[in-house]
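Naming convention: chains lettered A, B, ... in sequence-line order (proteins, then strands); numbering from 1 in each chain.
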Number of protein chains: 2
Amino acid sequence: MAHSPKRKLFLDLVLSLFRLNGLLVAEGDRMAEALGLTSARWKVIGVVALAHSGVTVPGIARALGQSRQAVQRITDVMEQDGLLRYQDNPEHKRSVLVCLTDRGQEVYTALRAVQDPWAIDNTEDVPLEELETGLQLVRRLIYKFDR
Amino acid sequence: MAHSPKRKLFLDLVLSLFRLNGLLVAEGDRMAEALGLTSARWKVIGVVALAHSGVTVPGIARALGQSRQAVQRITDVMEQDGLLRYQDNPEHKRSVLVCLTDRGQEVYTALRAVQDPWAIDNTEDVPLEELETGLQLVRRLIYKFDR
DNA sequence: GTCAGAATGACAACATGCTGCAAAACTGGT
DNA sequence: ACCAGTTTTGCAGCATGTTGTCATTCTGAC
């Protein structure tokens, strides 16, 4: 059993994923730095920007697959920094909606101007099919573990 | 440029990788819990166990692609817990070698008894070729970012 | 042998993630 | 309308990772 060919492949993959995660966080920090953001805030502003109608903090957490508290702490700081604002939620007295401020929108636009070329540069020499298969595998594993 | 087909694919992949990373850490914690370990200690004990002859703390950090301090803190705790021991390094007066204690070896063996079936179970329904392509992609990205 | 530069250890500050708990607000079945 | 169960908030504690700084040790070029 220990010699299953997939076993070592999978364990190598898991270790490599840990490492790649660290490198991607560093990349995010590097890209977001000039805009006064960090990797974690980059993730949050992305979710808020794509949900034009406002999302709740637990909603962001679910979208990112993270804990509510981790997101709450970041949105609190970003609200202090004037990137996000909290807006009354007609559907829930306590759970406010998170929206971009004008400045938040500007920062997100500037972020896209860095992030999109980054994405294109880094896939230039990667076959489309490899990206598709890789994404399929990652999603398959998420589905497997996310219960 | 913003409509490059690979751009969205890659950004989706990056977000999915962040999420998968969190799930894998949780899986590691779950597996290691019964052995009194955590995900971070699991990574460290794996590196030490595979390097039968002893490795230095910065060596472990390089193998994991992490900072020296992150590893140092963990090895210090594991040394207190009797899983690792520090041994004089004939090649360097200050930089000691990290080795498994007998108890550390036992724990690693017990870990394998959990980890290996876990790896096999989770790849049962994944085509071998998908694993190979996925690992190739991850390694390609690591190589791209790790400078 | 000497000396500049790299590697290492120790300490500290900080960012990001998790969990647990209690109280308030919402939801849905009766 | 009521009540049980779920969701959300706020607070607290902790694990893990990063960076920065300084002193010590090693290394290699000269």
Distance in angstrom units between [X] [atom1] and [N] [atom2], rounded:
{"X": "A/Asn89", "N": "C/dT27", "atom1": "CG", "atom2": "P", "answer": "10 Å"}
{"X": "A/Phe18", "N": "D/dT16", "atom1": "CZ", "atom2": "P", "answer": "12 Å"}
{"X": "B/Gln72", "N": "D/dT18", "atom1": "CD", "atom2": "P", "answer": "14 Å"}
{"X": "A/Glu33", "N": "D/dT18", "atom1": "CD", "atom2": "C1'", "answer": "13 Å"}
{"X": "B/Leu24", "N": "D/dT16", "atom1": "CG", "atom2": "C1'", "answer": "16 Å"}
{"X": "A/Asp29", "N": "D/dT19", "atom1": "CG", "atom2": "P", "answer": "8 Å"}
{"X": "B/Ile45", "N": "D/dT16", "atom1": "CD1", "atom2": "C1'", "answer": "18 Å"}
{"X": "B/Arg73", "N": "C/dA13", "atom1": "CZ", "atom2": "C1'", "answer": "11 Å"}

Among [options], find the nucleotide with the atom closest to the side chain of [X].
{"X": "B/Arg68", "options": "D/dA15, C/dA10, C/dT16", "result": "C/dA10"}
{"X": "B/Ala70", "options": "D/dG17, D/dT8, C/dG17", "result": "D/dG17"}
{"X": "B/Gln66", "options": "C/dT8, C/dT16, D/dG17", "result": "D/dG17"}

> When rounded to the nearest 0.5 angstrom, what distance separates OG1 in B/Thr133 from CZ in B/Arg140?
Replying inline: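 Going from OG1 on B/Thr133 over to CZ on B/Arg140, the span is 10.5 Å.
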
> How long is the span from the CZ atom in A/Arg85 to the CG atom in A/Leu97, to the nearest 0.5 Å?
Replying inline: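 Result: 9.5 Å between the selected atoms.
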
Output yes when at least one side-chain N/O atom of [X] is less than 4.0 Å from OP1 or OP2 of [N], else no.
{"X": "A/Thr38", "N": "C/dT16", "value": "yes"}
{"X": "B/Ser95", "N": "D/dC26", "value": "no"}
{"X": "B/Lys43", "N": "D/dG17", "value": "yes"}
{"X": "A/Ser67", "N": "C/dG17", "value": "no"}
{"X": "B/Arg62", "N": "C/dT8", "value": "yes"}

> Which sits closer to the 5' end of DNA chain D, A/Ala26 or A/Asp76, going by the nucleotide each is nearest to?
Replying inline: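 Its nucleotide being nearer the 5' end, the pick is A/Asp76.
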
>> Would you say B/Gln72 and B/Asp76 are linked by a side-chain donor-acceptor pair, where the criterion is simply a distance under 3.5 Å?
In response: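 Distance-only check passes for B/Asp76 and B/Gln72.
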
> Looking at A/Val107, A/Leu83, A/Asp81, which hits side chain to side chain contact (heavy atoms under 4.5 Å, CB included) with A/Arg41?
Replying inline: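 Among the candidates, only A/Asp81 passes.
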
>> Could you check whether B/Asp12 pairs with A/Arg139 (Lys NZ or Arg NE/NH1/NH2 to Asp/Glu carboxylate O, under 4.0 Å)?
In response: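 Looking at B/Asp12 and A/Arg139, the cut-off is met.
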
> For B/Val77, which contact category applies under a 4.0 Å heavy-atom criterion: base, sugar-phosphate, or nothing?
Replying inline: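 Nothing, no heavy atom under 4.0 Å.
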
>> Between D/dG10 and A/Gln69, counting only base atoms on the nucleotide and side-chain atoms on the residue, is there a donor-acceptor pair under 3.5 Å?
In response: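 Indeed, a donor on one side and an acceptor on the other fall under 3.5 Å apart.
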
